[in-house]
Chemist: 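Got a structure here, written out as structure tokens. Questions coming.
Computed over heavy atoms, backbone and side chain alike; hydrogens, waters and symmetry mates excluded. Residue numbers start from 1 in every chain, and the chains themselves are labelled A, B, ... in the order their sequence lines are given, proteins ahead of strands.
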Number of protein chains: 2
Amino acid sequence: MAATIRDVARLAGVSPSTVSRALSLPGMVNATTRARVAAAVEQLGYEPNRAARGLITGRTGTIGLVVPDLANPFFAGLTKGVQARARRHDVAVFVADTDEDPGVEAGLVRALAKQVDGVVLCSPRAGDAELAAIAQETTVVLVNRAAEGLPGINFDNEDGMRQSVAHLVALGHRRIAWVGGPASSWSTQHRGLGLRNAAEALGAQLVPVGNFAPTYEGGMAAADQVVATGATAVVAYNDLVAVGLLARLHSRGISVPGDLSVVGVDDIAMSGMARPALTTVRLPTQEAGRLAVELLLAMLDDPSAAFAAHRDLHGELIVRDSTGPARDPGDGRTHGSKGSSA
Amino acid sequence: MAATIRDVARLAGVSPSTVSRALSLPGMVNATTRARVAAAVEQLGYEPNRAARGLITGRTGTIGLVVPDLANPFFAGLTKGVQARARRHDVAVFVADTDEDPGVEAGLVRALAKQVDGVVLCSPRAGDAELAAIAQETTVVLVNRAAEGLPGINFDNEDGMRQSVAHLVALGHRRIAWVGGPASSWSTQHRGLGLRNAAEALGAQLVPVGNFAPTYEGGMAAADQVVATGATAVVAYNDLVAVGLLARLHSRGISVPGDLSVVGVDDIAMSGMARPALTTVRLPTQEAGRLAVELLLAMLDDPSAAFAAHRDLHGELIVRDSTGPARDPGDGRTHGSKGSSA
DNA sequence: TTGAAAGCGCTAACAC
DNA sequence: GTGTTAGCGCTTTCAA
């Protein structure tokens, strides 16, 4: 068995409480005793039992991270950031993947909440009321979702969408399709909003084509509807969707960016590897994860303090080959049959 | 505060131990008392404190998962599998990402080991001796790495490589390059071995071009050396590397599969989306994660039992567009200058 | 500055 | 079948 605090105490010739203090509150113990304790700790390879400590302090030294889908590189990046920063603080991370299932999400968070000091909740599908209820039970930091009264790390979706639209308008696009993600997704709503505002401000027309799964398959499924709108450019919910669009467009013989320009969001690794390489709004995912941890730990350290309700991280438009000049408007309805009625 | 076992006991009019038994060993308690306890538990929303339970049982209900890089879809898939299966067993998972840093790995595993019942170690870079030392401290299941005396879930690399070579030979390839991953990687060694054996058995020549980072960038870096070998086909360490190869080959104007056929390993999502779509050996990553958890939990349940040292999961060759007939041998040295001396 | 004692919430002997 | 007791390893009053 591993050494306990009593073993250390015996070896150092002091009481267990002194060992405890030497480790947690070094200032309160004589330098020489402290050295003796340190030596004994070293010799025994002693490491305090966290469960026992947690039992009395009420802190577990553990946080939870809930993501919709680890296979989505966006969340993988986030997870890396969370996990790396937590380690720096000697905090362990429970990771839970909800598989994009809102039903699983709530129960999972509740279960997790009992075992951790706090939870980082990424892109939750739960409603505001449910989130508020969860926040009653444990300390919560939201990522990629704003909710009244709850702290969170977000991306400046409006601005990212504005950059995209500005880019497309500069290339001559006036009719821009928008492929949304899940309807319940906060970022779908905000990106849609940002696009609408930007389009209006910049004199372009935005054509929403509905909600699709935030996956490659979702993009494949959306492609034909996008074409039918007669738009010369399309903004996709995320890069996975955009790459799916690219694939389906290619197999239909529609040239990108010749016939249609495509913009994604996230800048996952795959986007740079796509052909044509994808123009996208780069989101600092790892950074978001790191900030979420810092925020959560700060809240835990000082529960009474008020924390900035949320923080917006700036996204940066990365222009690659999937966007180009708008095609001649005369071509506008070449590929779609419903375009004229849309 | 959350309800404790004493609250439940008081409400149900029984002793704490009865509550404990009603929950852990229902068979040992009268049906009617059990019902009373259940009602009280329900009413109070009681959930046992795992730390307290762990303090006495010596089990934390937690396992650790160590991966080199969560951003690599291969490990993301593995993590999903581990995490999903663990949840079914009501076990929580600490996830740690070593960032491909062998120096971090050892320390991380040691630290983790103190907080969990067991650890799933994926593709560890550590040497056999070090792994053995870790296994002394905690229960370990290896994934994607075999080591003497340690249980593990592996992929049948030899067979996967044999399938690849057979496919290429059938297409007329006789000179096949091999782009290895990190030299310290167990799978690099075994894939290399499998390729060598298969090539020999099937009358092809294998040309190793060295070790590269298991990333897109690694593939980019390897491409020119591959071309220089004069090989008509190349097997890459994994799909990320293969996609990197594809990209660099494309920018050099080398046609795939016209001039060079490319085969990867893993079948990550990206591979199907690449252009040309990548022929690859599909590895059942989630399955591996699930099996690793089952094995680990079985070992924990019965520490004295002997477990199969390891289990090999079969990989399946997925043929896509990146492989085709070998080009005319006369073309063999078109792109490379060192080809004739290699 | 240090030690003794109590107790965090739970389970496991041991009685009954 | 159930209650009583003790104690897991640690921190934290309270005294000294």
Chemist: Atom NZ of B:K114 and atom P of D:dG9: how far apart are they, to the nearest Å?
Modeler: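 Distance, rounded to whole Å: 14 Å.
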Chemist: Identify, residue by residue, the members of residues 49-57 of chain B with a heavy atom below 4.0 Å from DNA chain D, and return them in order of residue number, or none.
Modeler: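 Those residues whose heavy atoms fall under 4.0 Å from DNA chain D, taken from residues 49-57 of chain B in numerical order, are B:L55, B:I56.
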Chemist: For DNA chain C, determine which residues of residues 3-27 of chain A have any heavy atom closer than 4.0 angstrom to one of its atoms, and list them numerically.
Modeler: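 Per residue number, the list reads A:V14, A:S15, A:S17, A:T18, A:R21.
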Chemist: Is A:D90 salt-bridged to A:R50, cutoff N-O under 4.0 Å?
Modeler: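 Salt bridge present between A:D90 and A:R50.
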Chemist: With distance as the sole criterion, is a donor-acceptor pair present between the side chains of A:T18 and A:S15 under 3.5 Å?
Modeler: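 The criterion, which ignores hydrogens and geometry beyond distance, is satisfied for A:S15 and A:T18.
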Chemist: For B:N30, does its backbone N or O pair with a side-chain atom of B:T33 as donor and acceptor, under 3.5 Å?
Modeler: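 Such a contact is found between B:T33 side chain and B:N30 backbone.
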Chemist: How far apart are the closest heavy atoms of B:N144 and B:F155, and which atoms are they?
Modeler: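 Closest pair (atom of B:N144, atom of B:F155, distance): OD1-CD1, 3.8 Å.
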Chemist: So, the side chain of B:T188 versus the backbone of B:P182: is there a donor-acceptor pair under 3.5 Å, distance only?
Modeler: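 The answer is yes, because a donor-acceptor pair under 3.5 Å joins these two groups.
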Chemist: How close or far is atom P of C:dC10 from atom CD of A:Q115, stated in whole angstroms?
Modeler: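 In whole Å, C:dC10 P and A:Q115 CD are 13 Å from each other.
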Chemist: Would a distance-only check, ignoring hydrogens and angles, find a side-chain to backbone donor-acceptor pair under 3.5 Å from A:N154 to A:R311?
Modeler: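 No; judged by distance alone, with no hydrogens or angles, the pair does not exist.
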Chemist: Could you tell me whether A:D97 and B:R87 have a side-chain N and a carboxylate O separated by less than 4.0 Å?
Modeler: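 Salt bridge: no.
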Chemist: For the pair made of CG in A:N30 and P in C:dG3, what is the distance, rounded to whole Å?
Modeler: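 Rounded to the whole Å, the gap is 11 Å.
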Chemist: Using 4.0 Å as the upper bound for N to carboxylate O, is an ion pair formed by B:R125 and B:D101?
Modeler: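 Judged by the 4.0 Å cut-off on N to carboxylate O distance, B:D101 and B:R125 do not form a salt bridge.
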Chemist: Rounded to whole angstroms, how far apart are CZ on B:R59 and P on D:dG9?
Modeler: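 One finds 17 Å between P of D:dG9 and CZ of B:R59, rounded.
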